[in-house]
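Working notes, structure below.
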Amino acid sequence: MAPWAVFIGAFVFGLATGWLIWGGARAAAFARRGPEDGLPGGPDGKVPEAAIAAIEREIRAARALIDEADAQSADTVGELDALDASIKRANGRLKLLVRAVKKAGEA
């Protein structure tokens with residue numbers, strides 16, 4: 001038997017195994033489905049108004065959460081800026097104190 005025949009056999013076996021594992025049969029069945037099988041839109045292809053209204057409500061709720069998160073992050077940024085300024089002032093005072101201690105130690 002030629003070595004390339006083993007490689008071809010292994011390749012075909014790998015394809016078949018992958019097809020079985022990752023749902024090739026399910027993907028093929030999904031591709032055959034039509035609107036009458038429960039795809040969005042129903043048999044006539046139109047999306048019901050109730051579904052559109054529900055999606056709009058979800059989008060509005062998501063936007064409200066995003067706006068709330070933006071407001072909270074803006075508050076947090078302000079607090080962090082104030083904390084940073086306070087730490088810088090304290091660092092400056094500490095440096096002055098260290099200089100004064102060094103001068104007192106030298107004298």
Side-chain angles (χ1 to χ4, degrees):
M1 182 184 265
W4 55 267
V6 174
F7 293 126
I8 291 175
F11 179 74
V12 171
F13 179 75
L15 285 176
T17 304
W19 185 77
L20 288 173
I21 290 174
W22 285 293
R26 287 177 294 193
F30 183 76
R32 287 190 302 268
R33 289 173 53 182
E36 64 279 354
D37 292 328
L39 291 177
D44 59 354
K46 294 184 180 177
V47 178
E49 291 295 322
I52 293 173
I55 292 171
E56 288 175 348
R57 284 192 303 272
E58 290 289 329
I59 291 172
R60 279 194 296 273
R63 285 184 181 156
L65 287 174
I66 290 171
D67 291 342
E68 180 180 324
D70 286 345
Q72 287 177 351
S73 65
D75 293 342
T76 304
V77 167
E79 291 174 4
L80 287 175
D81 286 341
L83 180 62
D84 186 45
S86 175
I87 290 172
K88 286 180 181 178
R89 283 192 307 271
N91 188 30
R93 291 180 189 141
L94 183 60
K95 286 181 182 180
L96 290 175
L97 186 60
V98 167
R99 283 186 201 147
V101 169
K102 282 184 181 179
K103 283 185 181 181
E106 292 174 357

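Heads up: numbering here begins at 1 and tracks the sequence. Nothing here was measured: the structure is a model prediction, and the numbers come from that model.
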- Note on the structure: Hits for side chain to side chain contact (heavy atoms under 4.5 Å, CB included) against Ala54, two or more places apart or cross-chain, chain-then-number order -> Arg57
- Query: Which residues pass the side chain to side chain contact (heavy atoms under 4.5 Å, CB included) test with Arg99, sequence neighbours left out?
  - Reply: Leu96
- Item | Shared-cluster residues of Leu15, by chain and number - hydrophobic side chains joined below 4.5 Å | Phe11
Can you give the donor-acceptor pairs under 3.5 Å from side chains of residues 86-94 to other protein atoms, not counting sequence neighbours?
residue: Lys88; atom: NZ; partner: Asp84; partner atom: OD2; Å: 3.4

Side-chain polar contacts of residues 71-80 - donor-acceptor pairs under 3.5 angstrom, sequence neighbours left out - could you list them?
residue: Ser73; atom: OG; partner: Ala69; partner atom: O; Å: 3.3
residue: Ser73; atom: OG; partner: Asp70; partner atom: O; Å: 2.8
residue: Thr76; atom: OG1; partner: Gln72; partner atom: O; Å: 2.9

- Message: Could you work out, with salt bridge (charged side-chain N to carboxylate O under 4.0 Å, His left out) as the rule, every residue matching Asp81, not counting sequence neighbours?
- Response: none
- Task: State which residues pass side chain to side chain contact (heavy atoms under 4.5 Å, CB included) with Glu56; sequence neighbours excluded, sorted by chain then number.
- Result: Ile52, Arg60
- Message: Which residues end up grouped with Ile55 if you chain together Ile, Leu, Val, Met, Phe, Trp and Tyr wherever their side-chain heavy atoms are less than 4.5 Å apart?
- Response: Ile59
- Item | By side chain to side chain contact (heavy atoms under 4.5 Å, CB included) - contacts of Ile8 (at least two apart) | Trp4, Val12
